[in-house]
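To keep things clear, I will list the structure first and then write my remarks on it.
Just so it is clear: chains get the letters A, B, ... in the order the sequence lines come, proteins before strands, and each one is counted from 1. The shown structure was predicted, so the numbers you read here are calculated from the model rather than taken from an experiment. Scope of the values below: all heavy atoms of this structure, side chains included, with no hydrogens, waters or symmetry mates.
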There are 2 protein chains.
Amino acid sequence: MARQPTHPSSPRPGSVTLEDIAAHAGVSRSTVSLVLRESPLVAERTRDNVRASIKTLGYVYNRGAAALRSSRTHTLGVVVYDIANPFFGAMVAGIDAALHRENYVSFLANSEDSPQRQLRFLERMREHRVDGILLCPSEGTDPALIATLSDWNLPCVQVLRHVGEPPFDYAGTDFEQGVRLAVDHLVARGHRQIAFIGGEAEHSATLARWRGYFAAIADHGLAPRHLRTALTRRAGFEAIQTLMAEPTPPSAVVCHNDLMAFGAMLGLKRLGLTPGVDCAVVGTDDVEEAALSDPPLTSVATHPYAIGEEAARLALRRIADPDGAREQVILSPRLQVRESSDAAERHQDPATTSKASAQHARRLTTP
Amino acid sequence: MARQPTHPSSPRPGSVTLEDIAAHAGVSRSTVSLVLRESPLVAERTRDNVRASIKTLGYVYNRGAAALRSSRTHTLGVVVYDIANPFFGAMVAGIDAALHRENYVSFLANSEDSPQRQLRFLERMREHRVDGILLCPSEGTDPALIATLSDWNLPCVQVLRHVGEPPFDYAGTDFEQGVRLAVDHLVARGHRQIAFIGGEAEHSATLARWRGYFAAIADHGLAPRHLRTALTRRAGFEAIQTLMAEPTPPSAVVCHNDLMAFGAMLGLKRLGLTPGVDCAVVGTDDVEEAALSDPPLTSVATHPYAIGEEAARLALRRIADPDGAREQVILSPRLQVRESSDAAERHQDPATTSKASAQHARRLTTP
DNA sequence: CCTACGATTTAGATCAATCCAAAAGCGTTC
DNA sequence: GAACGCTTTTGGATTGATCTAAATCGTAGG
């Protein structure tokens, strides 16, 4: 109601078209279109006139119509498998920030780790003609999916996990290296019985952690103790109690993620033990809560926000150059040592949080 | 490459159109369109033929083109101010689930609590011609925004927070009632010095908590003690230490959210006090972590997933009937009592989580 | 005076669907 | 065999942008 367009035949507000602008400014539709797309072909005087008409008529660009002709929607599909997990929340925030800067906008779907849901969403994305996909493949994703997307002509960047054979575009963290850092740290603190809990599933991200664990343990000439569990707080709570009841209980545990580590620390307390004194605990992710737990948790920082940003950047690059060399961006994890693995550590300010250090990124290019 | 469309002039795979299907099935474009939209006007034989052609040619529906003509995109814009917060993660999951069922898909934006970013996103949504908006208004949102959206002909459902004057569509929780429940519970346990921490900002959601707190305290003839702080874990950690250093320290605190409550419990431990024994702590939200903290946290459950679902349903209803009566769906909170407010409670299984009880919803309709 | 030139601007086709009014098909009945 | 009523089907217009090749314009060179 505020500003009715002056053109009389427009039925509801918001349906002013290029045609209307053209008539008002005394030029052709084409010229208005060029102005909207900041083309250098248009004379400055004309451009100003057109801009003025656009303003007075309250025109709104119709991206749908533009996409029909240009087959570019400025739209991306993002699939994660658990948006309620703060790690993915941070990642999505990073994606959002990077896309926002480039005037892109993203569809989000939560696959709930169901390949069927994931596929349905991807099909829908195809109908909406998104320019590309950011995919955290759900559990049990058919590796052929990536080839299918490629058949569909849909650029796809995998994030955090990956399936199928390289080369593909991928952004994630070097989890193998992360677990190695954790084990090395614990060995340096004198631990010899170092267990690993987590990882019943078989993604790349889980496998990488295993590799890191077994390799590091072997390097130090120690005996591995690996317990497969779910990846929840609850699972950590139970797993630690199982381990501590064994004939040779571990003196330290490395956990698949921070949630499990918190669970493990609670489990230790339930047993009357003190985390960091009776048994060291190391997590993975370094979520905000890690600095403020009791005791503060040593954790391998995996920079979800930075991963999100990198993934988005990668996708935009692939859209601009569909046949360019595939790229893998792998951020280096960083170990944040706190009291849960080092009771001797000074009692610091509780919120010494780590900043994402994206400059540690390693870039691989597969031609 | 898998299945090349038989139509020779199509440049890349995936660009099979209605025209191609029509030619292949020996009918007109219009008929194919009717089949796609499950129109009862088409004879069964014809429908089957067309379906077969669609399959063999590998046709993909182009929603962009359809939207151009029908001005319905089957698309929604969702704005939250902190997607990294697990509460919003759960809410978005609820929204996603509800929309998925109705073949809708949603754009997500993280406003980072900036009205400018929020507005930019909303403008972009308008360009994409979304059918509606789900909005958690960012801090400092101009109340006129809701009227502007209405001018734009964009149905908008506010979620969790709201600005502007009713009537509008809204889905949220009765925070006032929630805080009341918490205070009543504490009084019943014999507490007389009950403080409230949190809420320096001025949203509806914060104001409602205040109202609940002051009203309940007054009802019981007690003296209020309210500390305004930020809404972070860190803030809770500091606030409790401030309060406990006062001449009459509280015997119980109610916190704006669970994050702050966790911080407060940590702060008590830092002072050598035991949460639940030396000072009771109650949070709000009942996040998953609450059941597994040390001690388990009493919390007012606010059902984010259910709120998300209700909000999405509301939006779809409004799209179908733009001039219908505005609705407010307000879920009733439920108090989940655990040891942090009741040290005498039996040591239960740590993960007795609450199920969202959406049947407690109260529906208001403003004509 | 005519043409060529670079810089702008434009008409008309095109993109892939929906909408609408009109036509076609078809079995009855007069 | 024409008229009728009913279900199906169909051209052609429409939606709002982009793309392409051609038109316009003022000026300078031959």
Name every donor-acceptor pair, under 3.5 Å, that has one atom in a side chain of residues 101-110 of chain A and the other anywhere in the protein, sequence neighbours excluded.
| from | atom 1 | to | atom 2 | distance (Å) |
| --- | --- | --- | --- | --- |
| R101(A) | NH2 | E309(A) | OE2 | 2.8 |
| N103(A) | OD1 | R124(B) | NH2 | 3.1 |
| Y104(A) | OH | D131(A) | OD2 | 3.0 |
| N110(A) | OD1 | D82(A) | N | 3.4 |
| N110(A) | OD1 | I83(A) | N | 2.9 |

Which residues satisfy the salt bridge (charged side-chain N to carboxylate O under 4.0 Å, His left out) test with [X], sequence neighbours excluded?
X	result
D169(B)	R318(B), R326(B)
R47(A)	none
E38(A)	R51(A)

Protein and nucleotides 20-22 of chain D: nitrogen or oxygen contacts under 3.5 angstrom:
none

Next on the checklist: Expected output is a numbered-order residue list: members of residues 43-50 of chain B with a heavy atom under 4.0 Å from any atom of DNA chain D. What is it?
Outcome noted: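 Per residue number, the list reads A43(B), T46(B).
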Item to check | Any donor-acceptor N/O pair, Y170(A) side chain to L160(A) backbone, under 3.5 Å | outcome: yes
Next on the checklist: Looking at Q118(A) and S138(A), would you say the former's side chain and the latter's main chain have a donor-acceptor pair under 3.5 Å?
Outcome noted: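 Yes, the answer is positive, given that a donor and an acceptor are paired below the 3.5 Å cut-off.
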Checklist outcome for this item: Against the side chain of S28(A), the closest entry in dC19(D), dG16(D), dA11(C) is dA11(C)
Checklist entry - Which of the following nucleotides, dC19(C), dC19(D), dT10(C), is nearest to the side chain of S70(A)? => result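 Per side-chain heavy atoms of S70(A), the pick is dC19(D).
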Specify the separation, in whole Å, of atom [atom1] of [X] and atom [atom2] of [N].
X	N	atom1	atom2	result
R129(B)	dA17(D)	CZ	C1'	11 Å
L34(B)	dA17(C)	CG	P	14 Å
L41(A)	dA23(D)	CG	P	18 Å
E19(B)	dG11(D)	CD	C1'	12 Å
N62(A)	dC15(C)	CG	P	18 Å
R29(A)	dT9(C)	CZ	P	16 Å
L18(B)	dT9(D)	CG	C1'	15 Å
L68(B)	dC19(C)	CG	P	12 Å

Give a yes/no on whether any side-chain N or O of [X] is located under 4.0 angstrom from OP1 or OP2 of [N].
X	N	result
R37(B)	dA17(C)	no
T17(A)	dG16(D)	no
T31(A)	dT9(C)	no

Checklist entry - Should E123(B) and R126(B) count as an ion pair when the cut-off is N to O under 4.0 Å? => result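 The answer is no: the pair does not qualify as a salt bridge.
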If the condition is side-chain hydrogen bond (donor to acceptor under 3.5 Å, both in side chains), which residues does [X] pass it with, not counting sequence neighbours?
X	result
Q158(A)	none
S53(B)	H24(B)
S111(B)	none
S70(A)	none

Checklist entry - For F121(B), what residues pass the ring pair (Phe, Tyr, Trp, His ring centres under 6.0 Å) criterion, not counting sequence neighbours? => result none
Next on the checklist: Within the 4.0 Å limit for protein heavy atoms, which parts of nucleotides 21-28 of chain C are touched? Write it as a string from 5' to 3', B for base, S for sugar-phosphate only, - for none.
Outcome noted: --------
